[in-house]
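Counting starts at 1 for both ligands and their atoms, in listed order. Residue numbers run from 1 in the order of the sequence given.
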Amino acid sequence: MSDTERCKSMMVEFDGILLDYSRQIANLDTLNKLYNLAEAAHLKEKINRMFNGERINSTENRPVLHIALRAPRDSVINSDGKNVVPDVWQVLDKIRDFSERVRSGAWVGDTGKVLKDVIAIGIGGSFLGPLFVHTSLQTDPEAIEFARGRQLRFLANVDPIDVARNIAGLNPETTLVVVVSKTFTTAETMLNARTLREWISAALGPQAVAKHMVAVSTNLTLVEKFGIDPNNAFAFWDWVGGRYSVCSAVGVLPLSLQYGFSVVEKFLKGASSIDQHFYSAPFEKNLPVLLGLLSVWNVSFLGYPARAILPYSQALEKFAPHIQQVSMESNGKGVSIDGVPLPYETGEIDFGEPGTNGQHSFYQLIHQGRVIPCDFIGTVKSQQPVYLKDALAYGKTAEQLLKENVPHPLIPHKTFSGNRPSLSLLLPSLNAYNIGQLLAIYEHRIAVEGFVWGINSFDQWGVELGKSLATQVRKQLHASRKKGEPVEGFNFSTTTMLKRYLEESADDVPKED
Ligand SMILES: O=P(O)(O)OC[C@H]1O[C@](O)(CO)[C@@H](O)[C@@H]1O
């Protein structure tokens with residue numbers, strides 16, 4: 001088969017997006033084998049079970065329905081016999097109404113000033129997705145118009161530096177704080193929420209919290225306990241995983257405050273378009289399925305554990321950090337969905353940077369060091385060339401270098417072995433709709449990988465363990481500082497570190513842990 005024929009047979013287009021996977025180390029025979037693998041793994045049935053609202057997140061006994069967050073108002077998606085779409089739209093309508101009131105100045109701060117700045121507090125899935133979409137929209141011509149005079153900032157890190165950076169230059173009188181936490185128990189988020197509550201109260205009095213703080217959570221009881229009026233809370237549901245929550249109020253509220261609901265609705269529509277495609281397109285034309293199967297091929301069959309995500313658009317600079325969480329928290333698992341240790345490794349090590357910055361950073365390793373399958377993401381309108389894929393695929397031979405009169409000792413250094421897998425996704429432009437498409441393509445690709453590997457991509461017991469260990473450490477630090485209790489119950493290494501930290505920070509104790 002000629003290269004042209006090969007390329008033609010390995011390109012798929014849907015809704016303006018072109019996928020070229022001809023630079024993978026795979027041919028049509030490989031693809032056929034992967035379709036057989038998908039069949040053996042019951043991929044189609046698993047996708048159907050997800051869309052039918054079955055409790056496929058079995059270890060948490062929950063359905064996985066982030067697709068319902070962007071479903072058209074008149075669609076029906078049942079979970080336990082109940083259509084969840086009206087609930088989704090009830091919250092979306094509430095967001096539309098609230099964000100319009102804030103943006104128009106109908107809802108003002110405690111001193112009567114318009115709330116033009118928003119700080120969204122959250123971490124992990126309650127932060128990375130909204131940050132990615134915000135960063136992508138920030139330079140979109142339509143979104144710029146809607147955001148004029150407004151600022152949206154994100155506070156995630158518990159390091160006080162992040163608080164200092166977030167409040168720098170902002171006036172509490174004109175700032176609205178959105179506390180975003182699915183559980184409303186995450187230590188980092190709650191500490192930052194208390195800090196900003198204090199920032200508002202100290203400047204304007206405790207009564208101002210009602211006008212300057214709102215929340216997004218599944219746990220409305222804890223929201224109220226924190227002191228936020230439940231009327232100013234925006235709900236979502238336990239069938240939305242944290243890392244899949246950007247299309248819920250988690251992302252839609254802060255983004256609507258900044259850009260207006262009409263722009264955010266386009267983002268939801270883009271994601272919904274891919275949902276329909278994922279559900280109904282045959283595998284050989286199905287973008288997320290093809291991408292997922294090729295990932296499984298690269299990881300499990302070719303043994304390449306990493307993947308570089310390389311958008312040729314600065315606007316997508318926060319895409320790789322978001323996908324890192326979605327992918328690695330979903331598929332970094334050691335046992336099958338039935339709890340049996342896996343005889344193979346799952347998950348990819350995702351990393352990335354926008355090209356061309358990445359080219360001047362880690363591309364050397366990709367060209368001549370380790371083999372890292374690359375996703376090149378381009379946009380037609382940005383006119384950024386996606387030229388590197390051919391350098392990776394074809395390489396450069398010693399013969400070519402000799403013809404170019406390259407001195408002998410330099411030939412090994414200048415030789416590129418080639419045959420390094422990459423693929424390209426070309427988007428027509430990067431507006432809100434396209435950003436929604438891109439998000440959903442990757443979300444579903446990751447689900448495909450997990451379905452084929454036979455794991456539960458929708459739980460995260462590893463990070464849950466980390467959270468409970470962190471709580472144990474926090475309690476110990478508190479008890480030692482406030483009551484002088486000895487450090488107990490940790491291994492030698494941790495005990496040594498905690499003791500050293502307590503000794504060295506004795507003069508520098510924050511009032512609240
Ligand atoms: O939204 P919450 O409940 O504050 O949790 C934040 C994040 O913490 C995790 O549970 C673990 O890091 C993520 O899955 C989640 O997105």
Side-chain angles (χ1 to χ4, degrees), residues 56-57 59-66 69 91 119-134 154-159 162-163 166 177-197 213-226 228 233-255 318-333 347 350 439 442-443 446-447 450 455-474:
I56 62 170
N57 175 1
T59 63
E60 295 180 310
N61 193 27
R62 291 173 180 168
V64 176
L65 277 180
H66 44 278
L69 300 171
V91 175
I119 302 177
I121 305 176
I123 200 162
S126 295
F127 158 59
L128 292 162
L131 176 69
F132 142 60
V133 180
H134 169 54
F154 290 89
L155 170 56
N157 201 326
V158 77
D159 182 341
D162 211 12
V163 173
N166 264 277
V177 174
V178 184
V179 185
V180 185
S181 175
K182 181 174 171 183
T183 54
F184 231 70
T185 57
T186 303
E188 295 90 335
T189 299
M190 297 327 295
L191 174 57
N192 282 332
R194 286 196 298 271
T195 305
L196 288 207
R197 186 177 58 189
M213 284 188 99
V214 298
V216 175
S217 186
T218 58
N219 195 335
L220 300 183
T221 313
L222 287 186
V223 169
E224 190 169 5
K225 246 184 166 175
F226 179 86
I228 292 176
F234 298 82
F236 65 115
W237 307 271
D238 69 2
W239 41 259
V240 182
R243 54 193 175 273
Y244 296 94
S245 66
V246 56
C247 294
S248 72
V250 166
V252 175
L253 177 61
L255 293 165
K318 296 295 178 190
F319 185 56
H322 176 51
I323 295 306
Q324 275 178 341
Q325 190 204 6
V326 184
S327 170
M328 296 205 264
E329 199 165 278
S330 294
N331 288 341
K333 304 287 163 64
D350 296 275
L439 171 86
Y442 272 76
E443 283 180 346
I446 289 158
I455 58 174
N456 183 354
S457 299
F458 305 105
D459 61 9
Q460 59 287 317
W461 296 106
V463 262
E464 299 301 340
L465 174 65
K467 276 188 183 178
S468 67
L469 292 177
T471 305
Q472 211 182 319
V473 168
R474 229 174 112 247

Here the pair of heavy atoms bringing L220 nearest to S217 is CD2-O, 3.8 Å
Provide the closest heavy-atom pair for N166 versus F154 in the form atom of the first, atom of the second, distance.
ND2-O, 3.1 Å
Residue shell around ligand 1, heavy atom under 4.0 angstrom
I123, G124, G125, S126, S181, K182, T183, T186, G242, Q325, E329, V463, E464, K467
With respect to R243, which candidate in S126, S457, S330, S327 satisfies the side-chain hydrogen bond (donor to acceptor under 3.5 Å, both in side chains) definition?
S330
Quick one: salt bridge (charged side-chain N to carboxylate O under 4.0 Å, His left out) partners of [X], sequence neighbours excluded?
X    : result
E188 : none
R62  : E60, D238
D459 : K333

